[in-house]
Trainee: 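What follows is a single structure, and I will ask about it in a moment.
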2 protein chains.
Amino acid sequence: MGTVDVPEATVARLPQYLRALSAFADAGARTVSSEALAEAAGVGSAKLRKDLSHLGSYGTRGVGYDVEQLRRQIADRLGQTTSWNVVIVGIGNLGHALAGYGGFASRGFRVVGLFDDGPQVVGEVVSGLPVRPLEELGEVLRPGEPTIGVLAVPAEHAQGVCDRLVAAGVTSVLNFAPTVLRVPAGVDVRKVDLASELQILAFHAQRKATRAVAPLPAPAAPAAAPLPVHPLDAVRPRVGEVV
Amino acid sequence: MGTVDVPEATVARLPQYLRALSAFADAGARTVSSEALAEAAGVGSAKLRKDLSHLGSYGTRGVGYDVEQLRRQIADRLGQTTSWNVVIVGIGNLGHALAGYGGFASRGFRVVGLFDDGPQVVGEVVSGLPVRPLEELGEVLRPGEPTIGVLAVPAEHAQGVCDRLVAAGVTSVLNFAPTVLRVPAGVDVRKVDLASELQILAFHAQRKATRAVAPLPAPAAPAAAPLPVHPLDAVRPRVGEVV
DNA sequence: AGGCTCTTGTGAACCCATGCACAAAGTCGT
DNA sequence: ACGACTTTGTGCATGGGTTCACAAGAGCCT
Ligand SMILES: NC(=O)c1ccc[n+]([C@@H]2O[C@H](COP(=O)([O-])OP(=O)(O)OC[C@H]3O[C@@H](n4cnc5c(N)ncnc54)[C@H](O)[C@@H]3O)[C@@H](O)[C@H]2O)c1
Ligand SMILES: NC(=O)c1ccc[n+]([C@@H]2O[C@H](COP(=O)([O-])OP(=O)(O)OC[C@H]3O[C@@H](n4cnc5c(N)ncnc54)[C@H](O)[C@@H]3O)[C@@H](O)[C@H]2O)c1
């Protein structure tokens with residue numbers, strides 16, 4: 001079944017499934033239905049089943065999925081069987097937070113190097129690791145072990161640093177700087193853009209506000225609720241739809 | 001024209017376009033072609049034009065788009081004409097970094113409150129703002145001014161804090177905790193999940209690695225590969241395309 | 001054994017998004 | 001004034017992803 005070609009949208013959800021599965025495992029559950037797992041992961045059950053089918057799942061009809069087996073299978077697919085090396089470049093405001101983040105290690109990511117070029121930052125020890133100058137990048141990267149580079153430098157330096165990472169053999173980059181990175185084919189870049197996220201929220205908030213003033217479908221409706229929604233009309237919790 | 005119904009995928013790209021436009025404006029350009037702007041934003045030109053058409057764009061054929069006019073139009077759509085209030089809850093590792101982030105203010109987001117419940121954190125002044133206990137949330141939120149809540153608390157407290165934000169009238173939430181938030185309809189949630197991003201990168205890196213071991217045009221696999229993929233799906237070569 | 005209940009896996013319809021290709025519409029040079 | 005050139009805006013085809021709905025499979029109970 002699902003050897004090659006796992007759809008990208010599915011891949012993006014696997015981490016969520018994995019987290020939910022771990023929660024079920026911790027709670028002592030031995031099996032889960034697609035319904036329960038989907039609920040915990042915040043998606044529809046049909047989507048979940050289709051996603052799992054893409055990687056050749058082993059559910060048993062009438063029962064559900066074996067928690068431990070499925071957890072291991074997804075973990076395998078996400079490469080969690082081996083531990084990945086991570087280097088962080090730019091140990092400023094954000095870099096400090098990232099360097100001390102426990103969510104890395106618990107998911108098989110090992111921070112093996114911190115880099116910066118600020119004279120007063122280099123040499124500092126952050127979360128047990130010394131901050132090194134970028135020149136020492138080569139001493140940390142092992143050719144055999146694929147390494148993920150995390151960029152937390154100012155936007156104007158991001159491309160330059162990225163180039164150096166790529167030149168040193170990094171083929172996976174997570175970019176926090178609000179800029180478009182250009183990389184050769186074969187190199188993966190994902191970006192986390194905080195300002196964009198806020199802007200998208202603002203767009204929707206604005207849309208909600210203008211809608212409230214001039215509602216489209218029912219013009220005859222009298223005063224709608226002045227403040228949007230009541231928090232505890234909890235008849236249906238309804239997961240917030242995102243992308 | 002694009003009054004209502006801007007596709008979600010388009011909305012997600014508007015911030016990128018806006019950034020690229022600002023760069024062109026700073027460089028002194030008065031007009032840009034869709035080709036140039038798309039290049040700067042890292043998308044295809046056709047996609048860009050279609051996106052702009054959704055919001056009723058005013059390009060002139062043969063010339064391109066007026067930089068300033070388009071910039072203002074997108075800024076309007078993203079709600080940047082008014083300044084949005086932002087509260088950050090959880091002033092730990094990450095919260096400190098967020099509170100000090102300059103990318104907020106420069107895009108019309110004003111941090112109006114920092115909240116935490118740790119005794120040694122409350123009272124501390126971070127980036128010019130005092131850290132307050134959550135109880136004072138009501139004192140900061142103004143009913144008339146929509147406010148965006150940023151969650152940087154540990155995962156196990158995220159839902160509880162979110163509920164309190166929603167109860168206080170917040171209808172837009174940006175969540176950094178690796179957990180699924182349940183909110184009533186009408187509340188927007190977006191999440192930033194660092195660990196997931198790394199896992200997705202790891203997935204692709206692993207795929208690249210196994211592809212390298214067993215290249216595509218090799219129909220007759222000699223012996224089973226050492227460890228890579230599951231035994232049951234060795235069948236079906238299926239010439240994969242590069243991404 | 002047989003029927004009942006539960007749940008998976010998936011075919012098929014639908015919706016959204018992407019990319020192509022080109023006519024319409026404008027500018028610029030002569 | 002006009003033709004050549006440039007670039008937008010969009011119709012259309014294609015593809016990916018989501019959702020529905022249900023038959024097939026698995027356990028359980030009598
Ligand atoms: N702070 C946040 O909350 C936040 C949030 C989202 C995105 N970002 C983005 O993350 C990046 C970093 O933000 P920050 O607030 O940590 O900035 P910062 O200025 O605090 O830190 C940047 C660090 O990068 C180092 N640096 C600069 N140029 C370098 C180079 N060429 N090589 C190596 N190191 C270099 C600097 O010495 C500094 O320590 C920025 O692009 C910012 O837009 C930050
Ligand atoms: N540090 C990172 O780089 C990073 C990266 C990605 C995601 N995250 C996530 O962001 C969240 C915060 O991470 P962190 O590293 O800053 O953790 P942290 O422990 O350093 O900070 C958490 C803060 O939240 C406060 N807090 C706890 N419960 C609270 C409550 N009920 N009400 C108000 N405040 C409360 C704590 O007092 C503490 O100051 C976590 O969910 C983490 O998984 C962190």
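Throughout, protein chains are lettered first and strands after them, A, B, ... in sequence-line order, and every chain is numbered starting at 1.
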Trainee: For B:K208, is there an ion pair with A:D188 - N to carboxylate O distance below 4.0 angstrom?
Mentor: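 B:K208 and A:D188: salt-bridged.
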
Trainee: What integer distance in Å separates B:K47:NZ from D:dT10:P?
Mentor: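 It is 19 Å, rounded to the nearest whole Å.
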
Trainee: Return the set of residues passing side-chain hydrogen bond (donor to acceptor under 3.5 Å, both in side chains) with A:R19 (not counting sequence neighbours), or none when no residue passes.
Mentor: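 A:R19 satisfies side-chain hydrogen bond (donor to acceptor under 3.5 Å, both in side chains) with B:D193 only.
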
Trainee: For B:Y58 and C:dG26, give me the distance from atom OH to atom C1', rounded to whole Å.
Mentor: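 Those two atoms, OH and C1', are 17 Å apart.
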
Trainee: Which whole-number value in Å describes the distance from A:L48 CG to C:dT8 P?
Mentor: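 To the nearest whole Å, that distance equals 8 Å.
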
Trainee: Can you check whether B:S34 has a side-chain N or O nearer than 4.0 Å to OP1 or OP2 of D:dT8?
Mentor: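 Checking B:S34 against D:dT8: at least one side-chain N or O falls below 4.0 Å of OP1 or OP2.
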
Trainee: Take nucleotides 20-26 of chain D nucleotide by nucleotide from the 5' end and write B, S or -, depending on whether a protein heavy atom sits under 4.0 Å from the base, only from the sugar-phosphate, or from neither.
Mentor: BB--BBS

Trainee: Would one find a side-chain N or O of A:S33 under 4.0 angstrom from OP1 or OP2 of C:dT7?
Mentor: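 Checking C:dT7 against A:S33, no side-chain N or O comes under 4.0 Å of OP1 or OP2.
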
Trainee: Would you be so kind as to tabulate the donor-acceptor pairs closer than 3.5 Å made by side chains of residues 160-171 of chain A, with sequence neighbours excluded?
Mentor:
from, atom 1, to, atom 2, distance (Å)
A:D163, OD1, A:Q159, NE2, 2.8

Trainee: Between B:L70 and B:L37, is any pair of side-chain heavy atoms under 4.5 Å apart?
Mentor: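 B:L70 vs B:L37: side chains touch.
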
Trainee: Does B:G59 reach a base, just sugar-phosphate, or nothing at all? Heavy atoms under 4.0 Å.
Mentor: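 Answer is sugar-phosphate: B:G59 comes under 4.0 Å of backbone atoms only.
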
Trainee: Who are the side-chain hydrogen bond (donor to acceptor under 3.5 Å, both in side chains) partners of A:Y101, not counting sequence neighbours?
Mentor: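 Once residues adjacent in sequence are excluded, A:Y101 has no partner under the side-chain hydrogen bond (donor to acceptor under 3.5 Å, both in side chains) criterion.
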
Trainee: Rounded to the nearest Å, what distance is computed from the CG atom of residue B:L52 to the C1' atom of nucleotide D:dT8?
Mentor: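 Atom CG in B:L52 sits about 10 Å away from atom C1' in D:dT8.
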
Trainee: Respond yes when some side-chain nitrogen or oxygen of B:Y65 is under 4.0 Å from OP1 or OP2 of D:dG9, and no when none is.
Mentor: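 Yes.
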
Trainee: In whole Å, what is the span from the CG atom of B:D51 to the P atom of C:dC16?
Mentor: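 Taking CG of B:D51 and P of C:dC16, I get 15 Å after rounding.
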
Trainee: When you measure from every atom of DNA chain D, which of residues 10-30 of chain B have a heavy atom less than 4.0 Å away?
Mentor: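 Nothing qualifies; none.
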
Trainee: Of the nucleotides D:dG17, C:dA17, C:dT8, which has the atom closest to the B:E8 side chain?
Mentor: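 The answer is C:dA17.
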
Trainee: Starting at atom NE2 of B:H54, determine the distance to atom P of C:dA17, rounded to an integer number of angstrom.
Mentor: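 Taking NE2 of B:H54 and P of C:dA17, I get 8 Å after rounding.
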
Trainee: Can you measure from OG1 (B:T81) to CG (B:D76) and round to the nearest 0.5 angstrom?
Mentor: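 If we round to the nearest 0.5 Å, B:T81:OG1 and B:D76:CG are 4.5 Å apart.
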
Trainee: Would you call B:E8 and B:R13 a salt bridge, using N to O less than 4.0 angstrom?
Mentor: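 Answer for the salt bridge query: no.
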
Trainee: Write down the distance between CG (B:L70) and P (D:dT7), rounded to a whole number of angstrom.
Mentor: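 Atom CG in B:L70 sits about 16 Å away from atom P in D:dT7.
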
Trainee: Could you check whether any side-chain heavy atom of A:L198 comes within less than 4.5 Å of a side-chain heavy atom of B:F104, counting everything from C-beta outward?
Mentor: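 Sidechains of B:F104 and A:L198: in contact.
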
Trainee: Tell me the interatomic distance from B:D66, atom CG, to C:dT27, atom C1', rounded to whole angstroms.
Mentor: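 After rounding, the gap between these two atoms is 15 Å.
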
Trainee: With sequence neighbours excluded, what pairs up with B:R49 under the salt bridge (Lys or Arg N to Asp or Glu O under 4.0 Å) test?
Mentor: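 Salt bridge (Lys or Arg N to Asp or Glu O under 4.0 Å) check on B:R49 returns nothing, list empty.
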
